[in-house]
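Before I ask anything, let me first share the structure, which is written out below as structure tokens.
All values reported here derive from a predicted model rather than from experimental measurement. Letters go in sequence order (proteins before strands), and every chain restarts at 1.
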Amino acid sequence: MLELRLVQGSLLKKVLESIKDLVNDANFDFSSSGFSLQSMDSSHVALVALLLKSEGFEHYRCDRNTSMGMNLGNMSKMLKCAGNDDIITIKGDDGSDTVTFMFESPTQDKIADFEMKLMDIDSEHLGIPEAEYHAIVKMPSAEFARICKDLASIGDTVVISVTKEGVKFSTRGDIGTANIVLRQNTTVDKPEDATVIEMNEPVSMTFALRYMNSFTKATPLSNTVTISMSPDLPVVVEYKIAEMGYVRFYLAPKMEE
Amino acid sequence: VNPQRQITAFFSKT
């Protein structure tokens with residue numbers, strides 16, 4: 001028996017929108033402490049890791065650990081039928097080949113049930129080792145999205161370099177080059193507007209902008225984004241989900257020329 | 001053009 005009631009149903013809608021274009025199918029792993037998902041994109045270049053802790057749910061019941069394979073495109077279609085203010089409940093029974101999404105309007109005058117077919121997914125689970133990162137940049141998520149979008153109109157890859165001067169995003173393409181430098185800026189009215197650079201050692205790495213732009217679909221989940229880099233490790237682009245968990249995107253670097 | 005590496009080159013199966 002599985003029953004999870006999320007008052008802020010829009011969160012689940014936003015989570016799905018942030019990952020559905022990167023990953024087609026994924027196993028949702030439910031346990032008493034919450035649910036998680038880990039999946040690579042079809043080219044095995046990027047990996048998404050999602051965690052939603054049970055504390056964030058108004059009601060959370062999971063009698064035994066269970067894994068449900070879902071097509072994220074189909075799940076997104078169903079969750080789009082929930083209103084932004086709706087309460088969403090996920091229900092499942094042991095051994096069933098379906099999962100039910102229940103949407104309740106805030107005033108309880110409309111209640112909808114959507115039953116979705118589950119699927120068997122053979123997915124590899126990867127161990128993600130704890131790492132000490134050379135540089136961690138925390139910045140407004142909207143600013144990061146803007147930079148990735150702007151640079152993608154010039155080139156295909158971005159070089160992200162962190163030095164004590166700041167963080168530099170660079171690209172080059174047929175029409176020319178672009179460099180955007182952000183300096184640490186903590187003298188802002190709201191903490192979420194700050195750019196904070198923690199650097200142990202300078203680092204410079206190259207990534208595909210197509211993936212970075214895909215990650216920025218998670219922007220509605222959080223005002224800030226954290227970018228963690230170490231040479232010879234995938235970059236981690238993390239969007240925290242208030243009080244509940246996170247969506248983390250890992251992207252393998254391009255080889256340096 | 002910089003060749004793209006894969007995630008599986010960094011993280012191993014559990």
Side-chain angles (χ1 to χ4, degrees), chain A residues 22-23 27 29 36 38-49 67 122-131 133 155-160 170-174 204-212 215 228-237 248-257, chain B:
Chain A
L22 193 64
V23 171
N27 281 315
D29 298 314
S36 61
Q38 189 202 88
S39 185
M40 282 185 282
D41 79 298
S42 58
S43 331
H44 292 193
V45 169
L47 179 146
V48 55
S67 189
D122 268 335
S123 74
E124 310 172 27
H125 203 270
L126 300 182
I128 302 170
E130 286 287 316
Y133 287 96
D156 297 328
T157 60
V158 58
V159 180
I160 306 179
S170 309
T171 193
R172 62 171 61 241
D174 294 341
S204 180
M205 298 170 77
T206 306
F207 302 100
L209 275 168
R210 185 167 70 84
Y211 286 96
M212 286 291 181
F215 303 162
S228 304
M229 295 200 302
S230 266
D232 220 39
L233 270 185
V235 61
V236 190
V237 179
R248 287 180 188 153
F249 299 99
Y250 295 82
L251 177 60
K254 293 244 176 187
M255 278 180 216
E256 300 303 323
E257 280 171 281
Chain B
V1 180
N2 311 49
Q4 176 65 60
R5 305 180 72 179
Q6 289 197 322
I7 283 285
T8 41
F10 302 92
F11 300 154
S12 49
K13 285 184 212 176
T14 55

> Which heavy atom in Ser230(A) sits nearest to a heavy atom in Tyr133(A), and how many Å separate them?
Replying inline: OG-CA, 3.2 Å
> Which region of Thr157(A), side chain (C-beta onward) or backbone (N, CA, C, O), has a non-hydrogen atom less than 4.5 Å from a non-hydrogen atom of chain B, or is it both or neither?
Replying inline: neither
> Counting heavy-atom pairs under 4.5 Å to chain B, which of Ala208(A), Gly127(A), Pro129(A) comes out on top?
Replying inline: Gly127(A)
>> Between Glu124(A) and Met40(A), is there a side-chain heavy-atom distance shorter than 4.5 Å?
In response: yes
>> Heavy-atom pairs under 4.5 Å with chain B: which of Ala46(A), Pro253(A), Ser43(A) has the most?
In response: Pro253(A)
>> Over 60° means perpendicular and under 30° means parallel, so tell me whether Phe11(B) and Tyr250(A) are parallel, tilted or perpendicular.
In response: perpendicular
> To the nearest 0.5 Å, what is the distance between CG (Asp41(A)) and CD (Gln6(B))?
Replying inline: 8.5 Å
> So what's closer than 4.5 Å to chain B heavy atoms on Asp232(A): side chain, backbone, both or neither?
Replying inline: both
